[in-house]
Structure formats: C-alpha cells, structure tokens
2 protein chains.
Amino acid sequence: MTSTEPPVRAPLTREAVLSAAASLVIQHGPQALTMRKLAAELGTAVTSIYWHVGNRESLLDALVERTVRELGEIRPRGRTPAARVVSLARALRRELRAHPHLIAMVHERGLTERMFLPAQRALVHEMHAAGLRGARAAEAVRAVQFAVIGHLLVERNRERAPVQRPGEPELWTAATAGDDPALARVLSRPPDAERVFTASIRALVAGLLDS
Amino acid sequence: MTSTEPPVRAPLTREAVLSAAASLVIQHGPQALTMRKLAAELGTAVTSIYWHVGNRESLLDALVERTVRELGEIRPRGRTPAARVVSLARALRRELRAHPHLIAMVHERGLTERMFLPAQRALVHEMHAAGLRGARAAEAVRAVQFAVIGHLLVERNRERAPVQRPGEPELWTAATAGDDPALARVLSRPPDAERVFTASIRALVAGLLDS
DNA sequence: ACCTGAACACCGTTCAAGT
DNA sequence: ACCTGAACACCGTTCAAGT
C-alpha cells in the first residue's frame, strides 16, 4: 500500500554529505564542489546541506580534517640516516600524490603543517641519528619538509597546465646552451618530476648532513 | 555649451583594461578580479570589456604575458660558482615576491617555465663554470628552479592561511622531541621563511656541486 | 529535529540593438 | 569600430514555512 509513495531516501547525515563532497572533489576536482551539485548528488534540497554542515567554508574545513586524519603512517627505509631521510621524503611524496585534489585543499586551508606532523617526528628522529641537534636539526627538518611540499605544488601545477606557451623546445637550441647540446636536449624536454625530486632531495640531504 | 554633457571619458583601450585588471589583482588579490568589478573600476559597461579582450580567460592570459615580459633581469654575485648560484636563487625569490598575486597567476596559467628562462640561462652559465655539463648540469638547473618556485608557493600559502589549527606549539613539547628542548623550541614556532630558504638553497647547491 | 522552495545578491557570457 | 542593457545560466546564502 506504500508502493506509490516517493522512494524512501536514507536520512541525510553529516557523514553522507562529507563523503559525497569528497567523491566529487576526487573525481572532478575542487571546482566541481558546489553546494548545488552536491545537493543534486545527494538528492536533497540545497538548503538541507546547510543544516548539517553550516556553510561551504565549514564543509571544506571538515573535509580537510578528515583527509588529514586519514593520512597513513610512513616508515623510513635504508641503512644510513641520509638514505632513511630520502626514503621518508619519497614515501611522503607518494602518499600525498595519491589524492592530489584533497591534498591541495588541505594546503589551501593551512593545515599542511598539521598533516606533516607524523612525518616531522620521523624526520627529527633521523636527524638525531645523523648527529644533528637543536636548531640545526630543526632547520634541516624544515628544509626537507618545504622541499617535499614545494615540489608537490610545482608538479601539481605542471600537470594542471601542461601547455607551455611558447614552450621550452624552441628556446633551448645548441646555440643558446653555451655549446652543450646534451644540456640543451634535456632542458628542451619537460622535466621528469620524479627524477628531479629524487635528485634534489639527495643533494639537499647530502648538503644538510655533511657541513 | 557642452558643460552639461556627461563627462567625456577617455576611450576604452585594451591597455587600459589590462592596467585596471593588474591594479585590482595587486591591491585586492585574484578573486577581486571579476568582469563586473573591472567594469565598475573603468566606468564602462561590463560588455565593453569583452570587445577589447575577448573574455575572462584571455584577459588573464594577457595579464600574465605582461607580467612575464616585465620581470627584471637578475645578475649573479659572489666569487665561487656555488655562491653565485645561491645569489641568483635569492635574487629570483626577492623579485618574484614583489608581486605575489601576479606571480601566483603566472604560475596558475602554466607560464612559470617561460618566466624563468632568463634565470635559467644564468644558472646554466654558473653550472658550466662549476664544471658540470650535459644532463648533470641540466638536472642541477632544474633542481634549483623547482626549489625556488616550490619555496615561494609554500610561503605564499603560509601567508594566506596563517592560522594553523591546532597549531604546532602544543604539539612540540620537550617530551615529544627526543630530549632536545632547543629543537622543540624552534619547531614550535612558525618558521622564518627567508632563513629556511637560504639554508635549503645553500645545502642543495652544495650537494649538487660536490658529488 | 530536519527538510523545503522562494528570494537575494552575486558571477561570466551572449546577443540584438544602438551610435 | 565601439559601446550598451537585457537576458541567461550559473553561484552561495538567508529565511520563513512546512513536517
């Protein structure tokens, strides 16, 4: 006798809103997360969302909280402290690259430091093992941290805007490269982000640990 | 006899549109650059702007072109190649920090590489002077470039979202710092971006040049 | 306690119409 | 060649009203 009623929807919850929001961001990027699209996705009125999460700002805050909480633990590998720091940095990069959109949102909402705390602890441990202490160790930790985040931001951006106008190719010919055709060849091609990252971190850590 | 006419406005030009757009961005940030606010600023109808610059996308493109073209030259200082590379990086950072909003737009529109070309040439020169050539030199150039851009992006973000919740202070106590109170003290305070940058670049360049 | 539609003040963009 | 207002399809948010 109830078969002609409108379909019974599961009652809207804060968690359901957050999950739908996350899936929108993961699938179509942050700009796809509008209150109206979210409501459509959930099959509710736009205004219902407001009752559960306040407004768009606090929705984003909550989403970011969730992402930070869910970020996995990372374990260093390798024998020397330098190798272990490099492995931490690479693992961190891999972890953060898993959900680039969400990470971007974390960053944009100023929670990057907080997200980095577990990694920071591990880094401190390795710096101590390498014989650095106090302000020196702290600065080394921060240098690695900035490098990881910085490279991620640069990469994310390259991926989002791959078309470089006029583009490097026509700008690096053998003539402009100080008679170094091999260099011209490498610089005229888009960089391999992973390679640049690994090389940078190795050099950075080497420079930090022996001086 | 023409004194009661509406005030004669200088005819709208593409340049006038670009200048007004730039000033809006510099003063109030990229989100303040809406077509309607721009029209209000110029005292014209919104739609007039479209005649001169096409649409919002091409307006941003043109704005970014202009910024890139106006970026000044940078000269290396110092005696050793390492010192000269560090000085290039620091000058670059200072230059880019002068108009953070515009630089952010350049980056978001994928023109960062292009903007970096003059600096890239100078860096290549120094890498050659330091004895690096070919792929090794190219990778070193890219590492420095990524480091400069990366640090800038991280800093810009810290400045935009200075409120860190819960914040590092309560997270770094002597107890959690592996018995290193000096380190805990440094890590519980917000980093001095300039210091971190200089230390990072020095270590990176040292690591790149001697291995 | 939860959900709704109407309404408001914003967007970018198109288009037909003016000079 | 240049400028205009009206109109369209989008935003986030508020609010009074429903159950």
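In what follows, chains are A, B, ... by sequence order, proteins preceding strands, each numbered from 1.
- Residues that satisfy the side chain to side chain donor-acceptor pair (under 3.5 Å) test with A:S48, not counting sequence neighbours, are absent from this structure.
- A donor and an acceptor atom, one from each side chain of A:S58 and A:N55, are located under 3.5 Å apart.
- For B:E95, there are no side chain to side chain donor-acceptor pair (under 3.5 Å) partners, not counting sequence neighbours.
- The ring-ring contact (aromatic ring centres under 6.0 Å, His included) contacts involving residues 52-71 of chain A comprise nothing, where partners must be two or more places apart or lie in separate chains.
- Considering only residues two or more places apart in sequence or on other chains, B:H128 meets the side chain to side chain donor-acceptor pair (under 3.5 Å) condition with A:D180.
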Its dot-bracket string being built from Watson-Crick and G-U pairs below 3.5 Å, with | for another strand and [ ] for crossing, DNA chain D has the pattern ||.|||||...|||||.||

Distance-only donor-acceptor hits, side chain of residues 25-42 of chain B, under 3.5 Å, sequence neighbours excluded:
residue : atom : partner : partner atom : Å
B:Q31   : NE2  : B:H28   : O            : 3.1
B:T34   : OG1  : B:K37   : N            : 3.1

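- B:A140 meets the side chain to side chain contact (heavy atoms under 4.5 Å, CB included) test with B:M127, B:L132, B:L208; sequence neighbours excluded.
- Comparing C:dT14, C:dC3, C:dA6 by their nearest atom to the side chain of A:P11 picks out C:dC3.
- What separates CH2 of B:W51 from P of D:dC2 is a distance of 4 Å, to the nearest Å.
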With a 3.5 Å cut-off and sequence neighbours excluded, list the donor-acceptor pairs that the side chains of residues 192-203 of chain B form with protein atoms.
residue : atom : partner : partner atom : Å
B:D192  : OD1  : B:E194  : N            : 3.1
B:D192  : OD1  : B:R195  : N            : 3.3
B:E194  : OE1  : B:R93   : NH1          : 3.1
B:E194  : OE2  : B:R90   : NH2          : 3.0
B:R195  : NE   : A:E139  : OE2          : 3.2
B:R195  : NH2  : A:E139  : OE2          : 2.4
B:T198  : OG1  : B:E194  : O            : 3.0
B:S200  : OG   : B:V196  : O            : 2.8

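- Distances shorter than 4.0 Å separate some side-chain N or O of B:S48 from OP1 or OP2 on D:dT4.
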Check the interface with nucleotides 16-19 of chain C: list each N/O to N/O pair with the protein under 3.5 Å, or write none.
none

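- Applying the side chain to side chain contact (heavy atoms under 4.5 Å, CB included) test to A:R75 and every residue at least two apart in sequence or in another chain returns nothing.
- Qualifying side chain to side chain donor-acceptor pair (under 3.5 Å) partners for B:H99, counting only residues two or more places apart in sequence or in other chains: none.
- Relative to the side chain of A:H52, the nucleotides D:dC3, C:dC2, C:dG5 differ in distance, and C:dC2 lies closest.
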Between the protein and nucleotides 8-11 of chain D, list every N/O to N/O distance that falls short of 3.5 Å.
residue : atom : partner : partner atom : Å
D:dC11  : N4   : A:R36   : NH2          : 3.4

